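If you're wondering where the values come from, they're calculated on a predicted model, not measured in any experiment. Counting convention: from 1, in listed order, for ligands and their atoms alike.
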Amino acid sequence: MPLFSKKIRTRFAPSPTGYMHVGNLRSALYEYLFAKQNKGIFFIRLEDTDQSREVAGAAENILKVLKIAGIEPDEGICLKEGKLAEKGHFGPYTQSQRLNLYQKYANQLVKAGLAYYCFCTEERLELLRKDQEAAKLPTRYDFHCRSLLPEEVQKRLDQGDKYVIRMKVPENREIEFEDMVRGKIKVNSREIDDQIILKADGFPTYHLAHAVDDHLMETTHVIRGEEWLPSTPKHILLFEALGWEPPIYAHLPMILNTDRTKLSKRQGDVAVEDYLAKGYLPEALLNFISLLGWNPGTEKELFTLDELIKEFSFAKVHKAGAVFDVKKLDWMNGEYIKKLENKIFVQAAMPFFEKFLTDNNFTIPAYLEANFDKALLLAQQRISRLAEVGEGIRFLLTENLGYDPAKLVWKKSDAAKAKEILNLLINDISGYAETDFTKENFENKLKDFITRNNLANGDVLWPLRVALTGADKSPAPFEVAEILGKEATLSRLRQAIEKL
Ligand code: GLU
């Protein structure tokens, strides 16, 4: 038995006003997951009714981010060769191309006595607001134009007075709806303002556009951020006034900073693009975002998109705010990076590496040219973001390692001994063939050297590691020697001795 009798249709309805907020990506993801797990349709609608806030290129950018994240719409606005296009039978899917529809339904509500023309000027509304604030009353419209006589209305329309259309909120009605996340919600209509539904420029407000579009586009489930919860009773009233069945709502919990304030640009990035630019993998970011509000009920944390489609459920979406913990994201991203196929890692890391080279004025040393991919792979197991790849192998790019010579001395040893061992090593390594500079061969040679000289592993491996990388936490010296080759390895050892 299907859970829902109608074909499930969910939509992502971005306003093209700037970057893609991580909260928007979460809404899109949950909408997508819910549609897919119910064999439904996920579509995209562009909500561009606030033209003053529109940013050129924002819609294309949002769609591009979704595509990178693997969330493709079945219907609605999409990208064709980088340009906005649309597909499906419920269009146009861009609100600014649907103005006649909003006007038609606004007028229908006026005719039915469920909405009214309001001619109040900005100045009057401003005064009203100030008076209410001074009297510590909630700021709201005072119904002034509700009682205008029809002749008066006609006269003002005829003389071309500017007007908006407001919904007439019924008095003292309990409005009830069932939210998929929050359960039953009850609000008295006393708390609802006579909201503007059509603005003076003929554009609808969000409220009317939402009701008209989600009805005509047959949206069954409206999944959106908690900030829309206070508006939902108005929406229910609008659906009712228009004689339509409202969709089922799910309001997703707020996303919070670690100090539990609302996620804000001031404390970190909120744009998905910024995370991608820092080298978070789209799959990791999506996985991380899936857990902002949803909890699988098990210990499992790593999910592919297909697994999310199977396992996601609104029954496990919680009401409490979800903390955006960058440390956890870093961990998760590191796990995804480690698991990338080598070739894919190199491909993905390359642009970040190139940027690092330019930013730091590095050129690629000769010994690296032949071993370029191997060098990048040294970083793969150790970084949590692709942008760290350059820093992760900086020691391969410069001769000047600039470490404190004291680092060369293993804790059970002293400087004189370190120097002696480095000298012995140089002698030994000078006799190696070029073919000994592979990870395995070099490791075997070293083991042999250690046994022959009756030394402890740490006596040799510690100063060697520091001499080759300048760091005590770094890839194993055999891996580094393989990339450096004989000449650069020896030169770094000589440098180390000079330092001691
Ligand atoms: N355009 C609205 C926004 O970007 C959509 C809200 C909704 O999903 O209903 O927040």
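- A salt bridge does not link Glu226 with Lys319: every distance from a Lys NZ or Arg NE/NH1/NH2 to an Asp or Glu carboxylate oxygen is 4.0 Å or more.
- Nearest protein neighbour of atom 9 (O) of ligand 1, counting heavy atoms only, is Tyr206 OH, 2.2 Å.
- Ionic pairing of Arg124 and Glu126 is not present here: no N-O contact between side-chain nitrogen and carboxylate oxygen is shorter than 4.0 angstrom.
- Scanning the protein for heavy atoms near atom 5 (C) of ligand 1, the closest one is Ala13 O, 3.2 Å.
- The pair Lys338-Glu335 counts as a salt bridge, with a side-chain nitrogen and a carboxylate oxygen less than 4.0 angstrom apart.
- Polar contact check, Ser15 against ligand 1: a nitrogen or oxygen pair lies under 3.5 Å apart.
- Counting heavy atoms under 4.0 Å from ligand 1, residue His210 does not touch it at all.
- The pair Arg394-Glu391 counts as a salt bridge, with a side-chain nitrogen and a carboxylate oxygen less than 4.0 angstrom apart.
- Taking 4.0 Å as the cut-off between side-chain N and carboxylate O, Arg9 and Asp74 do not count as a salt-bridged pair.
- Scanning the protein for heavy atoms near atom 8 (O) of ligand 1, the closest one is Arg11 NH1, 2.8 Å.
- Distances between N or O atoms of Glu47 and those of ligand 1 include at least one value under 3.5 Å.
- Residue contact check: Arg224 has heavy atoms under 4.0 Å from atoms 7 (C), 8 (O), 9 (O) of ligand 1.
- The distance between the ring centers of Phe314 and Phe34 falls below 6.0 angstrom.
- Look at Glu227 and you'll find every heavy atom at least 4.0 Å from all atoms of ligand 1.
- Atom 10 (O) of ligand 1 has as its closest protein heavy atom Trp228 NE1, 3.3 Å.
- At under 3.5 Å, not a single nitrogen or oxygen of Pro14, backbone or side chain, sits near a nitrogen or oxygen of ligand 1.
- Taking the charged nitrogens against the carboxylate oxygens, Lys64 and Glu60 have no contact shorter than 4.0 Å, which rules out a salt bridge.
- Under 4.0 angstrom from ligand 1, there are no non-hydrogen atoms of Phe12.
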TODO: Start with the C-alpha distance between Asn188 and Asn172, add both sets of side-chain angles, then the distance that settles side chain to side chain donor-acceptor pair (under 3.5 Å), and finish with yes or no.
DONE: CA-CA 6 Å; Asn188 190 286; Asn172 197 15; 3.0 Å; yes

